[in-house]
Structures are given as structure tokens and as C-alpha cells.
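Being a predicted model, the structure only gives us computed values, none of them experimental.
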Amino acid sequence: MRRIFTLLILGFLFASGAGAQSYKFDFTSGKKVKDGYIKITSADRYDQAKGYGYDLCPSPDGRSKAPFFFSVAIPDGNYHVTAIVGSKRNAGETTLRGESRRLFYENVKTRKGELLPCSFTINKRDIHISDKEDVRIKPRERSKLNWDDKLTLEFNGDAPQLTELIIERVESVPTIFLCGNSTVVDQDNEPWASWGQMVPRFFTDSICFANYAESGESANTFIGAGRLKKALTQMKPGDYIFMEFGHNDQKQKGPGKGAFYSFMTSLKTFVDEARARGAQPVLVTPTQRRRFDENGKIENTHLDFPDAVRWLAEKENIPLIDLHAMTRVLYEAMGVEESKHAFVHYPANTYPGQDRPLADNTHFNPYGAYQIAKCVIEGMKKAGLPVVKFLRADYQGYNPSQPDNRDSFKWNDIPFTEVEKPDGN
């Protein structure tokens, strides 16, 4: 009943906007409003009945430089977003993220009086596969912004500003569906991050990323929970599906288990389902864990699972991104001590409620995830994927043997942290 009511509200809001499946919001302080725009003030807080408004944190008051969030209730699908950032009154610096901390623009500087358009395409989904079936998400996912019934946009940075916001449904943009585990998933809270939530930042609004990955998942449990089935409800010809599994699959024991047995069968299911819908499967070998030997070389902890992925890619003529090989180069280039700064290694009391040190050698922090996202892009280029034509002009290429200086990486935290590590290892 709740979902039916929400859909009725959505239909009214879309019909009353600037056109079918379109929203336009005016965040300026003036009283005059453009035709077709909805005026937003600090009093406009999100609620289900209204279907839009400031969310999660206090509304901006024109003086604070704190991050703020804005949500809109919309149906599943891809949406082209144009955010006009800047202010006529003050200089600003704005970072744009969406849903569960998917990065789209970072550190956009505007002079006083300067207004800049930032456009990207974002995927929104909920848990419903059909009227009778839902994705079986985990209890800790119930609060994830990726799975709720609204699109949430985050405006962060040293001085975040927003003047205008346009959200329009798009059907023709190709989608890259990301399937995987905690090394791929959109992590909601600091200090955790994964490459899947960083990679959209490097692409134009001509491509959309839909990150279906979840912590702790193996290829077969991903399918069993209905995550692939949900992705298939949105998949269309010309789309892509990236699969990075192995971390959790290798822990499965028993008859029929193993890299060249049940794991291969599950990956083949992804491949066949994607091809049946005219989508291009892309296989990704698992990221290395941070485990060095006495000579400062990375030890392989994934058994024969990376080789199984490579074998299937060759047998089925599937593009391959060898992230296992690239992250070995990356971590060894960083070295034993410096590589800790790419993972969740923090002394006690770095974050609220963190009374013990964090020393995780599987999961990345934002800097590490950003580096690995660049490795993925280089893998896309090496595999000859046509989507690299949609890379933004400011992407200068990347060599994992020469990682970015971490002092040059700037990340504004959100006010939400989590001490508990993600599922999986």
C-alpha cells in the first residue's frame, strides 16, 4: 500500500514539473522563480508526502559550509542531473556525490558570482524486482541510500553551493552494471570506500554506472539474493556488466566448490544472462589483498580464482580487466608502509566511537579506492571497450607503478562513520 501511495505522489510531481519525468529546483534566495521550477527554501525538508527536500543533515542556512543532502522520490531508472553550483554572493568549492557516496565531481571551485553547470547521469533503484519479489538485502543494507525509494544527492566540499538542480529521466544512455563484493560496493560511511563508487567521477554524462555490488557476496550468493535478477530488470541492449568476485568465493568449501567448478558456473550465468539481453559482459580479476612477503612483494591470497577468471574470459571471448595484476604492481610501488594509507589503517580515536586501531588489509579508504578506479579505467582501455570514449577531458591516464601522491588527494568526509568493517575479507 505504501508503494502504491508513493507512485501516486510521484505521478503528480512529475506531471506538475517542467515535463514528463523531469524536476527543476531553484535554490536562490530571491522571490522570483523561473517557469517550471520549484522554489526551495531551508524549510523544505524531505518527507514522503511531498516527495522532495533537504535530507539527512540540516538544511544550508547561507552561512554554514557544512555538507548538505537533497532527496527526490523518483521511480527506478537512469537520470540526467545538472547541478548549477556557485553563488552570486561568495566564492565556493563543491563536491558532488550521489546515493551511497558515488563520486561525480570533486572540488569544483567557483569565484564570487560564477555559476558552473555540473552534469552527470545517475542510476536509482529500490529493492523491488516485481510485485511479488524483492531483492533479499542484508539487515545492514536497509539503511543504504542505494536501496531506498528516492534519489539522494550530496553537496560537500570546503564551501558547498547549489543554485539550481535539474533532474530528467533518460532511456538511451548505456549503463555499466557493477557486480561484486566489498571491494566494488558503494560504501555509505567513512572511512570505507571502493573503486565502484569512484569510477563515475572520470566519465561524462553519456554513460551511467549502476553499482549492485555488496559486501560479503560471492558470485553464487549474489545471484541467490536476487541482485542479478534485479539488475536484469533494467538491463538493455548496449549495456555492460562488470563482474569482480573471488574474495569470498574462495572460502566456500565442499563438493562441487572451487574456482573451476561452482565459481565458473556462477560466472557463466552472469555472462549468459547479459548476452541474452544484448549486454556486453566484462570479467574483472579480484583486487589483491595487502599481504607482503619478507622481500616486499605481494603474496597471492586468491588461490586459482584469478586464473579461472582469465580462463573463462579467453574461452568465452570476454573482455578482461586484470585488476589482480594491476593492484600487485600498485601496492608494491607504494611499498609496505605507504600502502597502509590506501587501506583502512587508522589509529584509535581517528573517528567517533573508534576506540581501537583499524588495520584492514582488504578494504580501501577513499584514496585507495580512487587509485584502483584508475586501474579499472586503464584495464578498460587495454581491453578496447568503446565506453572509454566517454572519459572526461581531465583524465590524464594512469600507471599503477606510479600512484598519485596521497597528499594531492582531497576528500571531504561526510558526517557518517562506521567502525565495523564490511562483510567479507
Side-chain angles (χ1 to χ4, degrees), residues 127 129 133-141 144 147 177-187 192 194-196 211-232 241-275 281-291 298-316 318 320-328 343-344 360-364 372 376 420-425:
I127 64 171
I129 299 172
E133 186 178 8
D134 290 343
V135 179
R136 294 189 293 280
I137 62 174
K138 300 176 181 180
R140 67 185 294 173
E141 291 183 86
K144 282 185 73 73
W147 285 117
F177 292 87
L178 303 181
C179 304
N181 51 40
S182 57
T183 65
V184 188
V185 68
D186 290 343
Q187 301 282 6
W192 313 92
S194 298
W195 68 257
N211 194 348
Y212 277 70
E214 172 52 27
S215 299
E217 293 287 37
S218 56
N220 64 329
T221 62
F222 188 100
I223 295 170
R227 299 179 194 276
L228 175 59
K229 196 171 186 179
K230 172 65 179 181
L232 296 175
I241 182 169
F242 285 33
M243 299 152 279
E244 190 220 306
F245 292 99
H247 283 78
N248 304 305
D249 307 77
Q250 71 174 107
K251 304 167 192 171
Q252 297 179 352
K253 308 298 180 183
K257 299 299 182 182
F260 288 91
Y261 295 93
S262 60
F263 181 61
M264 196 62 54
T265 300
S266 296
L267 288 183
K268 189 64 164 56
T269 299
F270 283 87
V271 170
D272 292 345
E273 293 285 9
R275 284 175 166 170
V282 178
L283 286 165
V284 185
T285 55
T287 58
Q288 294 273 5
R289 296 182 177 93
R290 183 188 164 276
R291 182 181 295 178
I298 286 291
E299 295 181 350
N300 175 33
T301 64
H302 286 95
L303 307 176
D304 53 354
F305 281 79
D307 285 338
V309 176
R310 297 181 186 111
W311 179 87
L312 182 62
E314 183 176 359
K315 179 179 181 295
E316 292 288 328
I318 300 169
L320 174 73
I321 297 174
D322 199 345
L323 204 50
H324 195 255
M326 283 188 283
T327 50
R328 174 191 294 274
F343 289 81
V344 179
D360 190 308
N361 293 310
T362 299
H363 301 107
F364 321 117
I372 294 169
V376 172
E420 181 184 358
K421 83 176 190 66
D423 292 342
N425 183 31

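- Rounded to the nearest 0.5 angstrom, Gln250 CD and His302 NE2 are separated by 5.5 Å.
- Tyr261 OH: 12 or fewer foreign heavy atoms inside a 6.0 Å radius.
- For the pair Ile241/Cys179, a side-chain contact is recorded, criterion being any heavy-atom separation below 4.5 Å from C-beta on.
- Once rounded to the nearest 0.5 Å, the distance linking OG1 of Thr285 with CG of Leu323 reads 5.5 Å.
- No donor-acceptor distance shorter than 3.5 angstrom exists from the side chain of Ser182 to the backbone of Gly216, with no hydrogens or angles considered.
- Shown here is Arg275, whose CZ atom has more than 12 heavy atoms of other residues, nucleotides or ligands within 6.0 Å.
- No donor-acceptor pair closer than 3.5 Å links the side chain of Ser194 to the backbone N or O of Asp186.
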Under the side chain to side chain contact (heavy atoms under 4.5 Å, CB included) rule, what do Gln187 and Ser215 come out as? Steps first, then yes or no, please.
CA-CA 9 Å; Gln187 301 282 6; Ser215 299; 3.9 Å; yes

Before you tell me yes or no, could you show the steps for Arg227 and Glu141 under salt bridge (Lys or Arg N to Asp or Glu O under 4.0 Å), namely the whole-Å CA-CA distance, both residues' side-chain angles and the distance that decides it to 0.1 Å?
CA-CA 13 Å; Arg227 299 179 194 276; Glu141 291 183 86; 2.7 Å; yes

Could you go through the side chain to side chain contact (heavy atoms under 4.5 Å, CB included) check for Asp360 and Arg289 one step at a time?
CA-CA 10 Å; Asp360 190 308; Arg289 296 182 177 93; over 6 Å; no

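- A tilted orientation is assigned to the rings of Phe177 and Tyr212, their planes being inclined by 30° to 60°.
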Working for side chain to side chain contact (heavy atoms under 4.5 Å, CB included), residues Thr287 and Glu244:
CA-CA 8 Å; Thr287 58; Glu244 190 220 306; 4.0 Å; yes

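- The closest side-chain heavy-atom distance from Phe263 to Val309 is below 4.5 Å.
- For Asp304 (side chain) and Asp307 (main-chain N/O), no donor-acceptor pair under 3.5 Å exists by modelled atom type.
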Show, in sequence, the C-alpha distance, side-chain angles and deciding distance for Arg140 and Asp423, and conclude whether the salt bridge (Lys or Arg N to Asp or Glu O under 4.0 Å) test is met.
CA-CA 10 Å; Arg140 67 185 294 173; Asp423 292 342; 3.3 Å; yes

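- Contact annotation: the side chain of Lys229 approaches that of Glu133 to within less than 4.5 Å [non-hydrogen atoms, C-beta and beyond].
- Rounded to the nearest 0.5 angstrom, Leu232 CG and Lys230 NZ are separated by 11.0 Å.
- Here CG of Asn181 is found 5.5 Å from CG of Asn248. Values are rounded to the nearest 0.5 Å.
- With Arg290 contributing its side chain and His363 its backbone, the two residues share no donor-acceptor pair below 3.5 Å.
- Applying the salt bridge (Lys or Arg N to Asp or Glu O under 4.0 Å) test to pairs two or more places apart or on separate chains, none has a residue in residues 248-260.
- Within a 6.0 Å sphere centred on CD of Glu314, other residues, nucleotides and ligands contribute 12 heavy atoms or fewer.
- No side-chain donor from either of Asn300 and Gln288 sits under 3.5 Å from a side-chain acceptor of the other.
- A heavy-atom distance below 4.5 Å is not found between the side chains of Arg291 and Asn361.
- Contact of the Ile129 side chain with the Asp134 side chain is not registered, since no non-hydrogen atoms from C-beta on lie closer than 4.5 Å.
- Aromatic pair Phe245/Phe270: ring centres closer than 6.0 Å.
- Rounding to the nearest 0.5 angstrom, the gap separating the CD1 atom in Ile321 from the CE atom in Met326 is 6.5 Å.
- Contact check for Thr269 versus Met264: no side-chain heavy atoms found under the 4.5 Å cut-off.
- The local environment of NZ in Lys421 is crowded, with over 12 non-hydrogen atoms from other residues, nucleotides or ligands closer than 6.0 Å.
- Put simply, the side chain of Val184 reaches to within 4.5 Å of the side chain of Trp195, judged on heavy atoms.
- Glu316 is not listed as a side-chain neighbour of Leu283, based on a closest heavy-atom distance of 4.5 Å or more.
- There is no side-chain donor-acceptor pair under 3.5 Å between Ser262 and Thr265.
- Distance check: His324 NE2 to Ile298 CD1 gives 9.5 Å after rounding to the nearest 0.5 Å.
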